[in-house]
Structures are given as structure tokens and as C-alpha cells.
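Worksheet: one structure, shown below.
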Amino acid sequence: MILRKNTAILTYKPVLDICFAMSFPDVYEIGMSHLGMQILYVMFNRCGEVYGERVFFLSNNLRKNGE
């Protein structure tokens, strides 16, 4: 799978103590509207030594099209 420019944002972060990926067991639209995930994401990323990103499942439409 090749990521296109409009599906991912690549950012530069200096070397930190903790880097993590917070995964949500559903598609992007559901995960981004989940209040608990929003709170944890902001809380962790406000710490100076922690950097995290969010990861979601692909929707069925993208899987069927082979993208």
C-alpha cells in the first residue's frame, strides 16, 4: 500500500523519550469522534518527552478497491 499525500501527514520530531502509536479498532471517522481518544492523545502529546500518533483501520471501501 502506498500512502498518498492527502492520507498522511509526515512531521519532524526530535528524538524523544517516548514515541507511540495509539491505535483505534475502527475506521477514521469513528475514532476521531471518540472523546476518550481525543483526551488521551492531547494529554500525552502535551508532555515534553512524549510524542504520539493515531492509527485507524482501513474502511471496507478502500480494501475492496485495493488502495
Side-chain angles (χ1 to χ4, degrees):
M1 183 175 97
I2 298 173
L3 292 177
R4 296 182 181 153
K5 279 198 268 185
N6 61 350
T7 61
I9 298 173
L10 302 176
T11 58
Y12 169 76
K13 291 288 181 179
V15 176
L16 300 170
D17 292 337
I18 300 172
C19 294
F20 70 94
M22 181 183 294
S23 63
F24 193 83
D26 214 326
V27 295
Y28 177 84
E29 293 82 9
I30 303 297
M32 287 302 287
S33 64
H34 189 267
L35 183 59
M37 185 157 178
Q38 291 177 20
I39 292 170
L40 290 173
Y41 178 78
V42 170
M43 183 182 75
F44 285 128
N45 280 308
R46 281 188 179 166
C47 298
E49 306 84 29
V50 179
Y51 175 72
E53 282 296 337
R54 295 169 283 213
V55 180
F56 304 96
F57 283 123
L58 287 177
S59 69
N60 287 334
N61 294 339
L62 290 175
R63 287 186 206 149
K64 289 178 183 176
N65 293 333
E67 295 180 2

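- Around atom OH of Y41, more than 12 heavy atoms belonging to other residues, nucleotides or ligands sit under 6.0 Å away.
- In the hydrophobic clustering of this structure, V27 groups with M32; members are Ile, Leu, Val, Met, Phe, Trp, Tyr whose side-chain heavy atoms approach within less than 4.5 Å, directly or through other members.
- Among residues two or more places apart in sequence or in another chain, the side chain to side chain contact (heavy atoms under 4.5 Å, CB included) test is passed with F24 by D26, I30, H34, M37, F56.
- For the pair N45 and G52, the tightest heavy-atom approach, listed with the atom from each and the gap, is OD1-N, 2.8 Å.
- By the side chain to side chain contact (heavy atoms under 4.5 Å, CB included) test, L35 pairs with Q38, I39, sequence neighbours left out.
- Partners of V50 under the side chain to side chain contact (heavy atoms under 4.5 Å, CB included) rule, at least two apart in sequence or in another chain, are I18, F20, F44, C47.
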